[in-house]
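Remarks on the structure that follows.
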Amino acid sequence: MLDARFIIENSEKVIQSLLQRGYDPGIIKEFLGIEDERRSLLIEVERLRQQRNELSEIISKIKKEGRDASTETQKAKNVSELIKEKEEKLKDLEEKSKTLLLNIPNTPHESVPVGKDETENVEIRRWGELPVFDFEPMNHWDIGEMLEIIDFERASKIAGARFAIMKGMGAKLERSLINFMLDLNTSRGYKEVFPPIIVNRDSMIGTGQLPKFANELFTILDPEFYLIPTAEVSVTNIHRNEILSEKDLPIYYTAYTPCFRREAGSYGKDVRGLIRQHQFNKVELVKFVKPENSYDELESLTRDAEDILQKLGLPYRLVSLCTGDLGFAASKTYDLEVWLPAQQRYREISSCSNFTDFQSRRAGIRFRREGKKGTEFVHTLNGSGLAIGRTLIAILENYQQKDGSVIVPDVLKPYMGVNVIR
RNA sequence: GGAGGGGUGGCCGAGUGGUUGAAGGCGACGGUCUUGAAAAUCGUUGUAGGGAAACCUACCGUGAGUUCGAAUCUCACCCCCUCCGCCA
């Protein structure tokens, strides 16, 4: 959420950034109108409340002296009724204003390339040699089926489309990747956490999934709960409504969790294979930092994610998302895209974002500077480190051999206990 | 699921319906003392909105109600703790 005052004082700038994102800027005009109305009514209500408080004090004094206060009491009663009336209108305006505010996206950082959609994302760098095969490389789902390590058919029986059963060395590879990544991330100073994967509404609002993106979430009714689409939700909300002290910062967390996504509106997209599942595993990196460091922290978080791919020997490229492709809550995002030989293209495997104070303002995550009065919002960041399923795909496809077996990357051998999956 | 207890400032903890935004303590910050530190002592110290400022307003788990006036009374809900039941 943006600061209401910032929008009022910089409405042109905010409208510009909405246009760059491809959003309808009408919401800003609407917000300014409501906010204007709300503020003048608030002043009116506060004046009335002051009047009421003063009368109450007078009544109290009169009563202490044992005199009759019925004139004043009647007067106060009238004021109170008027307050009640105006407060109702005020509450209505406050709700409208808040709803609009929750639906305005973050402002892109100046370094973010301007563009309309993913075709205008800018490649920053590439790493790794693309594998050369003297045979036609197979899809990961064919490899998985042949090695009997992935079972899509039976998964659809027990749950439906977009689910998979990992079996044997496939299940072990999934687990090995989780452990490898957590071990690597914790060695870099990220604290491992294992949070709830079901969260309440306030948490979803805190990180920005709600109210705008309800159709992307799996819900549990009675009581109202949501399945997390990413560990970002649980982990960022760890510090919701807290005032941290400066010396606590920065805070780095890493978490493995399953993630759940409806994938509504993605019919026909990646229908085969593990690329787009309703349930998938992911290891996440989350940072809480001081505002002045957040863009440096984004660079180092991205490098930490890149390092995982490098250690696994998977070729990838890094792109900077353009304004039109940038997520709702992010001010800047780097996507890591891993090379998939069967598709002959790079596919997203990690998304690293700086949310600046957008999430922390929603979630009330603040800090106090040493020796300074008042509080400031922290900046939050997160990135996949990495998406497990897609990493597994990349390993199967990049490390496949002519006979259908798959070589285990060196760093995973201690976790897997074998050199080759066959 | 049943029975009971409790949610107050950064933390602990008091609070009779009327200068209680809230005693007291801890912590933090500043001063005095000291060569320096500790101890002692004095002072300052919640968050947010509005205002150029004086200052005003709101906030004692959340929401509604009673009242001229609610941390304090009523109701509903949420959360935490203890015991019993059930359960991986």
Side-chain angles (χ1 to χ4, degrees), chain A residues 1-9 31-102 194-206 210 220-226 234 237-249 251 258 288 290 357 360-378:
Chain A
M1 163 170 93
L2 298 179
D3 181 20
R5 186 189 284 272
F6 177 83
I7 299 174
I8 292 164
E9 288 170 0
F31 174 76
L32 292 175
I34 297 278
E35 210 25 38
D36 197 46
E37 220 179 312
R38 184 187 74 83
R39 274 171 202 245
S40 55
L41 188 59
L42 179 66
I43 289 166
E44 205 177 329
V45 168
E46 289 194 346
R47 259 191 216 126
L48 286 169
R49 285 205 273 237
Q50 184 181 354
Q51 241 179 72
R52 183 200 60 196
N53 291 347
E54 283 165 2
L55 279 168
S56 286
E57 206 172 315
I58 291 168
I59 291 166
S60 160
K61 271 183 193 152
I62 292 175
K63 288 210 166 164
K64 267 183 195 157
E65 291 166 12
R67 294 190 285 122
D68 174 51
S70 54
T71 321
E72 287 75 10
T73 304
Q74 186 57 45
K75 222 162 136 186
K77 196 170 187 164
N78 292 342
V79 174
S80 278
E81 271 163 24
L82 192 57
I83 290 174
K84 209 168 173 179
E85 216 175 281
K86 303 247 177 200
E87 273 179 343
E88 263 172 55
K89 278 189 217 160
L90 183 64
K91 206 180 155 187
D92 185 51
L93 287 171
E94 275 168 354
E95 259 165 42
K96 279 186 184 148
S97 167
K98 183 84 196 238
T99 302
L100 289 170
L101 213 46
L102 287 175
F194 188 55
I197 58 180
I198 292 177
V199 301
N200 59 30
R201 192 180 165 76
D202 285 344
S203 293
M204 284 295 183
I205 290 173
L210 289 179
I220 297 170
L221 304 169
D222 187 37
E224 187 182 72
F225 282 126
Y226 297 84
S234 305
N237 278 286
I238 287 175
H239 294 296
R240 174 151 52 84
N241 291 333
E242 287 187 18
I243 300 174
L244 304 165
S245 56
E246 186 174 16
K247 61 177 188 296
D248 294 337
L249 299 174
I251 297 171
F288 301 80
K290 289 199 263 181
D357 57 359
S360 59
R361 182 173 288 109
R362 286 173 165 246
I365 309 170
R366 294 171 291 171
F367 78 104
R368 206 188 302 276
R369 287 192 198 270
E370 308 272 343
K372 274 209 171 175
K373 269 189 87 78
T375 58
E376 289 175 53
F377 291 107
V378 303

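All figures in this text were calculated on a predicted structure; none of them were measured in a lab. In what follows, chains are A, B, ... by sequence order, proteins preceding strands, each numbered from 1.
- Using P as the reference atom, B/G85 and B/C78 are 25 Å apart when rounded to the nearest Å.
- Enclosure of atom CD in A/E57 is not indicated, since only 12 or fewer non-hydrogen atoms of other residues, nucleotides or ligands lie within 6.0 angstrom.
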- Query: Can you list the steps and then say if A/E81 with A/K84 is a salt bridge (charged side-chain N to carboxylate O under 4.0 Å, His left out)?
  - Reply: CA-CA 5 Å; A/E81 271 163 24; A/K84 209 168 173 179; over 6 Å; no
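- Interface residues of residues 78-101 of chain A facing RNA chain B, ordered by number: A/S80, A/K84, A/K91; criterion, heavy-atom separation under 4.0 Å.
- Between B/A23 and B/U74, the distance separating the two P atoms is 25 Å to the nearest Å.
- Each of A/L210, A/I220, A/I197 was compared with A/Y226 under the side chain to side chain contact (heavy atoms under 4.5 Å, CB included) criterion, and only A/L210 meets it.
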- Query: How would nucleotides 46-62 of chain B be written as a contact map, 5' to 3', with B for base contact, S for sugar-phosphate-only contact and - for no contact, using protein heavy atoms under 4.0 Å?
  - Reply: SSSBS-----SBS----
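- Using P as the reference atom, B/C12 and B/U66 are 34 Å apart when rounded to the nearest Å.
- At whole-Å resolution of the value, CZ in A/R201 and P in B/C79 are 16 Å apart.
- If you take atom C1' in B/G15 and the same atom in B/A64, they sit 24 Å apart, rounded to whole Å.
- Using atom P as the reference point in both B/C60 and B/G9, the two lie 10 Å apart (nearest Å).
- Separation of atoms CD1 (A/I7) and CE (A/M1) is listed at 9.5 Å; rounding is to 0.5 Å.
- Using a 4.0 Å cut-off between charged nitrogen and carboxylate oxygen, A/E9 and A/R5 count as a salt-bridge pair.
- Among the atoms of the strands shown, base atoms are found under 4.0 Å from some heavy atom of A/K63.
- A/F377 and A/G364 get closest at one heavy-atom pair: CE2-CA, 4.4 Å.
- A/N200 and A/S203 form a side-chain donor-acceptor contact under 3.5 Å, judged by distance and modelled atom types alone.
- Whole-Å rounding puts the A/L48 CG to B/G69 C1' distance at 16 Å.
- Side-chain contact between A/R49 and A/E87 is present, with at least one heavy-atom pair separated by less than 4.5 Å.
- Here, B/U35 and B/C26 have their P atoms 27 Å apart, quoted to the whole Å.
- One atom, NZ of A/K61, and another, P of B/G17, lie 21 Å apart when rounded to the nearest Å.
- Across all strands shown, B/A38 has no partner, as no Watson-Crick or G-U wobble contact with both distances under 3.5 Å is found.
- For B/G10, the paired base is B/C26 (Watson-Crick or G-U wobble, both distances below 3.5 Å).
- A distance of about 49 Å separates the P atoms of B/U45 and B/C84, rounded to the whole Å.
- Computed from coordinates, the A/I62 CD1 to B/G69 C1' distance equals 13 Å when rounded to whole Å.
- With rounding to whole Å, A/N241 atom CG is found 15 Å from B/G9 atom C1'.
- Between the CD atom of A/E57 and the C1' atom of B/A70 there is a distance of 16 Å, rounded to whole Å.
- B/C73 sits 30 Å from B/C83 when the C1' atoms are compared, rounded to a whole Å.
- Contact check on A/E88 versus A/K91 returns no salt bridge, with no Lys/Arg side-chain nitrogen under 4.0 Å from an Asp/Glu carboxylate oxygen.
- B/G69 makes up no base pair with any nucleotide shown, lacking Watson-Crick or G-U wobble contacts both under 3.5 Å.
- Ion pair A/E72/A/R67 not flagged as a salt bridge, since none of the NZ, NE, NH1 or NH2 atoms sits closer than 4.0 Å to an Asp/Glu carboxylate oxygen.
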